Amino acid sequence: MAMAMRLPAISRAVTEVASASASAPVGLRRLFCSNASRFSFLSPQAESQTPARPQAEPSTNLFVSGLSKRTTSEGLRTAFAQFGEVADAKVVTDRVSGYSKGFGFVRYATLEDSAKGIAGMDGKFLDGWVIFAEYARPREQSQPYQPQNNMSRPPYYGNR
DNA sequence: CTTGAGCGT
């Protein structure tokens, strides 16, 4: 009775690992599959079909995630500067508390440097955490601060 | 103020 529970529990765990690898972000997926997906001659369709998580096109700007919440913008710049000229490095912090959100951005001076930065830093350790570096998606809103929530509707307190 | 899977006030 008690022994019979063990085997299903194991196979369930295996299934969960497999599905986690399938639904994980591209950076995280490298943990499970490494570069094996590059050799996709066994399943040629996998290459032509758009994966669930499309990668951003190459840019000088890098999205870096998996950061320790103790990693600062200066630490980020120092780590990535080994592989190229860093024009800007920024750990994203909560506006009110000021604490790191665990990801950030690194902008290199050139596309060549940003490619070397990904190659050199993606999957590496920084402050005790495995970090992921990939090309950043273009920002959704433009440069000056604009609240994404439409609070523009004036308050209305009834008559008069 | 350190334990998340995340694209910037």
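Being a predicted model, the structure only gives us computed values, none of them experimental. First the proteins, then the strands, lettered A, B, ... as listed; each starts at 1.
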Nearest-angstrom distance from the residue atom [atom1] of [X] to [atom2] of [N]:
X: A:Tyr99; N: B:dT2; atom1: OH; atom2: C1'; answer: 11 Å
X: A:Tyr135; N: B:dC7; atom1: OH; atom2: P; answer: 20 Å
X: A:Lys101; N: B:dG4; atom1: NZ; atom2: P; answer: 16 Å
X: A:Phe125; N: B:dT2; atom1: CZ; atom2: P; answer: 19 Å
X: A:Leu67; N: B:dC7; atom1: CG; atom2: C1'; answer: 12 Å
X: A:Phe63; N: B:dA5; atom1: CZ; atom2: P; answer: 12 Å
X: A:Lys69; N: B:dG4; atom1: NZ; atom2: C1'; answer: 5 Å

Notebook entry, point to check: Using centres under 5.5 Å plus planes under 30 degrees as the test, is A:Phe105 stacked with B:dG8?
Noted result: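 Yes; by the centre-distance and plane-angle rule, A:Phe105 counts as stacking on B:dG8.
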Note to self: Quick check: on DNA chain B, is the nucleotide nearest A:Gly102 upstream (toward 5') of the one nearest A:Pro138, or the reverse? Name the residue that is more 5'.
What the structure shows: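 The answer here is A:Gly102.
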Item checked: Position toward the 5' end of DNA chain B (nearest nucleotide), A:Arg70 or A:Ala136 ->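 In this pair, the answer is A:Arg70.
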Next item on the list: May I have all residue pairs that pass side-chain hydrogen bond (donor to acceptor under 3.5 Å, both in side chains) and include part of residues 75-94 of chain A, sequence neighbours excluded?
Entry: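 Listed once each, the pairs are A:Asp94-A:Ser97.
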Margin query: Distance check, C1' atoms only: B:dG6 and B:dT2, in whole angstrom units.
Written below: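 That atom pair is separated by 16 Å.
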Item checked: Closest heavy-atom pair and its distance - A:Ala56, A:Ala136 ->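 For A:Ala56 and A:Ala136, the tightest heavy-atom pair comes out as CB-O, 3.8 Å.
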Next item on the list: State whether the distance check finds a donor on one side and an acceptor on the other, under 3.5 Å, for side chain A:Asn61 versus base B:dG8.
Entry: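 For A:Asn61, whose side chain was compared with the base of B:dG8, there is a donor-acceptor pair (under 3.5 Å).
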Check: Other than A:Val96, what residues sit in its cluster of Ile, Leu, Val, Met, Phe, Trp and Tyr side chains whose heavy atoms are under 4.5 Å apart, directly or through others?
Finding: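 So far as hydrophobic clustering goes, A:Val96 is joined with none.
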Next item on the list: Each residue besides A:Tyr135 in its hydrophobic cluster should be listed here, by chain and number; the cluster joins Ile, Leu, Val, Met, Phe, Trp and Tyr at side-chain heavy-atom distances under 4.5 Å.
Entry: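 When side chains under 4.5 Å apart are linked, the cluster holding A:Tyr135 also contains A:Leu62, A:Val64, A:Leu67, A:Leu76, A:Phe80, A:Phe83, A:Val86, A:Val91, A:Val106, A:Tyr108, A:Ile118, A:Met121, A:Leu126, A:Ile131.
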Next item on the list: Ignoring the backbone of A:Trp129, work out which of B:dG4, B:dC7, B:dG8 is nearest its side chain.
Entry: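 Given the options B:dG4, B:dC7, B:dG8, the side chain of A:Trp129 is closest to B:dG4.
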Next item on the list: Give a yes or no answer on whether the side chain of A:Thr110 reaches the backbone of A:Asp113 with a donor-acceptor pair at less than 3.5 Å.
Entry: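 Confirmed, A:Thr110 side chain pairs with A:Asp113 backbone.
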Notebook entry, point to check: Taking only residues two or more places apart in sequence or in another chain, which ones pass side-chain hydrogen bond (donor to acceptor under 3.5 Å, both in side chains) with A:Glu57?
Noted result: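 With sequence neighbours excluded, A:Glu57 shows a side-chain hydrogen bond (donor to acceptor under 3.5 Å, both in side chains) to no residue whatsoever.
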Check: Among all residues two or more places apart in sequence or in another chain, which pass the side-chain hydrogen bond (donor to acceptor under 3.5 Å, both in side chains) test with A:Ser73?
Finding: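 Not a single residue meets the side-chain hydrogen bond (donor to acceptor under 3.5 Å, both in side chains) criterion with A:Ser73.
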Checklist line | DNA chain B contacts made by residues 72-93 of chain A, counting heavy atoms under 4.0 Å | finding: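 A:Lys90, A:Val92, A:Thr93, in order of number.
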